[in-house]
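Every chain is numbered from 1, with letters handed out A, B, ... down the list of sequences.
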There are 2 protein chains.
Amino acid sequence: MTVEEALQMLKEKGYKYTGKREEIIRICAEEKRYLSAKEIMERIKDQYPNLSFDTVYRNISTFVDLGILEQTELEGEGRFRLACSVGHHHHHLICTECGKTSSLSACPMNLLSVMPDDFQVTGHKFEVYGTCKECISHA
Amino acid sequence: MTVEEALQMLKEKGYKYTGKREEIIRICAEEKRYLSAKEIMERIKDQYPNLSFDTVYRNISTFVDLGILEQTELEGEGRFRLACSVGHHHHHLICTECGKTSSLSACPMNLLSVMPDDFQVTGHKFEVYGTCKECISHA
DNA sequence: CTTTTAAATCGGATACGTTCTGATTTACTA
DNA sequence: TAGTAAATCAGAACGTATCCGATTTAAAAG
C-alpha cells in the first residue's frame, strides 16, 4: 500500500486530512519494518515537536482498524507497519531486534484440511521470528 | 503435562516446593484454557487469600521459562496454560472470549520449503482464533 | 531436632504502554 | 466567512507487570 492509497482510503471513509496523519503514514511507509508508537513519535518530532501521545495512538488505532497498518506485538509493545498490499494475504518473518520483515508466501490456513466445527474461526496469526543479518553482525 | 511432572521438573531444577506453586500449576491443569494472571489470582484466593501479585507473576514467569506453562497474549494481557505434553510440538485454536483451546496437529514450519538465508530463525507463532460453541450460544 | 541460609513471599511503590477527559484548535462545509 | 464536527492537546488515569527492601519459609547442614 502506498501513502497515497492510504490517504485516499481515509478520505473515502470520511476522515479529515491532517499533516500529522500523513506524516505517520509516511514514516511507516519508509521502511519494511514494524515500528513502535515510541519510534514513530521520535521520527515525527522534527516536524511536529509537540505532537501528543494520544494523537499518535488514536491515529494508529484508526489506521489498524481500516487496514492501513498491520499490527503485531514484540516485548509487550505494539508494533506497526504499513500494510503490504491490498488483497494479497501473506505472512512475515520478523526480526525481533529491529522489527525488519521479510515476506513469506505461504499461508498455513490453506493447509489445514480439517477445521474443528465447534469453533467459529475469526482470524489467525502466523509469524516467524528471528534475527536479521544486520542485527546479528552488530550484536 | 501433569501436575506431578511439573513439580518433578521444578525439583530437578533446584526450585523449592511451595504450596502456592503447586496450586498455581494445579489451577492451570484443571482446564484446557488460557488463563490470565488475574484469573489465576481469583481462583487461588480461597486457599491463599493474601497471595501477592508479585508471587503469581514471578512464578508464572519461571514456569514459562521452564516450559511448564505456555504463554500467549489476548487483549494486551498475558494468558497462560499448562504445556500440553513434553516433546510434542503443535498449535492451538483459541477462543478469544474464554481462552478455551483446541489442538491443531499441523505445524506450518514443516511446510515452508524455502527459508530466507538472511534471517536466523529463532521461533514462530501459529494460532487460529475464534469463538467456541459455548461463547457463541450465550453471546 | 535445632540452626543456618538462600530462596520465596509480601505489600507497597514503581514503571511502562496505553487510554481517557475536558478544553482548545482545526479541517471542511454550508 | 461562519458554523460544526472532528482532531488535537496536555495531563490525569488506567491496567498489566515488575522492582524493592523487609520478612518468612523450605530444606540443607550440623
Side-chain angles (χ1 to χ4, degrees), chain A residues 6-27 34-66 68-69 71-81 96 99, chain B residues 6-27 34-66 68-69 71-81 96 99:
Chain A
L7 291 174
Q8 180 60 28
M9 183 180 296
L10 279 174
K11 196 169 196 174
E12 280 167 12
K13 301 276 182 178
Y15 291 91
K16 291 182 181 173
Y17 169 86
T18 73
K20 287 156 191 174
R21 282 185 169 155
E22 174 167 352
E23 192 57 22
I24 291 172
I25 295 170
R26 196 170 292 285
I27 287 169
Y34 276 100
L35 298 172
S36 67
K38 214 188 307 169
E39 284 175 300
I40 292 172
M41 285 289 285
E42 280 301 317
R43 301 189 187 205
I44 217 168
K45 274 280 157 60
D46 305 329
Q47 259 189 288
Y48 301 100
N50 298 334
L51 187 67
S52 88
F53 269 99
D54 188 56
T55 300
V56 172
Y57 278 112
R58 192 171 17 74
N59 280 322
I60 284 175
S61 175
T62 300
F63 297 161
V64 170
D65 289 347
L66 294 178
I68 292 173
L69 294 185
Q71 175 169 18
T72 190
E73 191 261 335
L74 293 176
E75 294 156 18
E77 222 184 354
R79 304 274 197 125
F80 310 89
R81 56 161 291 155
T96 50
Chain B
L7 292 174
Q8 181 60 28
M9 183 179 295
L10 278 175
K11 197 169 196 173
E12 280 167 12
K13 300 277 182 176
Y15 290 91
K16 292 182 179 172
Y17 170 86
T18 72
K20 287 156 192 175
R21 283 186 168 155
E22 175 167 352
E23 192 57 22
I24 291 172
I25 294 170
R26 196 170 292 285
I27 286 168
Y34 276 100
L35 299 172
S36 66
K38 215 187 309 169
E39 283 175 301
I40 293 172
M41 285 290 285
E42 280 303 316
R43 299 187 189 208
I44 217 168
K45 273 282 156 59
D46 306 329
Q47 258 188 288
Y48 301 99
N50 297 333
L51 186 66
S52 89
F53 269 99
D54 188 55
T55 300
V56 173
Y57 278 112
R58 193 171 16 76
N59 280 322
I60 284 175
S61 176
T62 300
F63 298 161
V64 170
D65 289 346
L66 294 178
I68 291 172
L69 295 184
Q71 176 169 19
T72 189
E73 191 261 334
L74 294 176
E75 296 157 17
E77 221 183 356
R79 303 275 197 123
F80 310 90
R81 57 162 291 154
T96 50

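Non-hydrogen atoms lying under 4.0 Å from DNA chain C are contributed by nothing in residues 34-47 of chain B.
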Could you walk me through whether Lys11(A) and Tyr17(A) pass the side-chain contact (heavy atoms from CB on, under 4.5 Å) check?
-> CA-CA 7 Å; Lys11(A) 196 169 196 174; Tyr17(A) 169 86; over 6 Å; no
Apply the test side-chain contact (heavy atoms from CB on, under 4.5 Å) to residues Thr18(A) and Thr55(A): give CA-CA distance (whole Å), side-chain angles for both, the deciding distance (0.1 Å), then the verdict.
-> CA-CA 11 Å; Thr18(A) 73; Thr55(A) 300; over 6 Å; no
Check the pair Glu73(A), Gln71(A) against side-chain contact (heavy atoms from CB on, under 4.5 Å), reporting the backbone distance first and the verdict last.
-> CA-CA 7 Å; Glu73(A) 191 261 335; Gln71(A) 175 169 18; over 6 Å; no
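Across the protein-nucleic acid pair, Asp54(B) atom CG and dG11(C) atom P stand 11 Å apart, rounded to whole Å. For Glu22(B) and dT9(C), the CD to C1' distance is 17 Å, given to the nearest whole Å. Remark: P of dA7(C) and CZ of Arg21(B) are 11 Å apart, rounded to the nearest angstrom. With rounding to whole Å, Leu74(A) atom CG is found 16 Å from dC16(C) atom C1'. In this entry the distance linking CD of Glu77(A) with P of dT18(C) reads 6 Å, nearest Å. Protein atom CG of Leu10(B) is 13 Å distant from nucleotide atom C1' of dA8(C), rounded to whole Å. A straight line from OH of Tyr15(A) to P of dC28(C) spans 15 Å, rounded to a whole angstrom. Distance Glu75(A) CD to dG17(C) P: 11 Å, rounded to the nearest Å.
Listed for the Thr62(B) side chain is a donor-acceptor partner under 3.5 Å among the backbone atoms of Arg58(B). Without hydrogens or angle criteria, Arg21(B) side chain to Lys16(B) main chain gives a donor-acceptor distance under 3.5 Å.
Leu51(A) and Met41(A) get closest at one heavy-atom pair: O-CE, 3.5 Å. Between Arg43(B) and Asp46(B), the shortest heavy-atom distance links the atoms O-OD2, 3.9 Å. Contact between Met9(B) and Leu66(B) at its shortest, heavy atoms only, is SD-O, 3.5 Å.
Looking at which nucleotide of DNA chain C each of Phe53(B) and Thr18(A) is closest to, the 5′-most match is held by Phe53(B). Sequence order on DNA chain D of the closest nucleotides to Gly19(B) and Gly76(B) puts Gly76(B) first from the 5' end.
Within the structure, every side-chain polar atom (N or O) of Arg58(B) is placed at least 4.0 Å from both OP1 and OP2 of dA8(C). Checking the phosphate oxygens (OP1, OP2) of dT9(C), no side-chain nitrogen or oxygen of Lys16(B) falls inside 4.0 Å.
Chain A approaches DNA chain D over the interval dA5(D) to dA10(D), counting the first and last nucleotide 5' to 3' with an atom under 4.0 Å from its heavy atoms.
The local environment of CD in Glu75(A) is sparse, with at most 12 non-hydrogen atoms from other residues, nucleotides or ligands closer than 6.0 Å.
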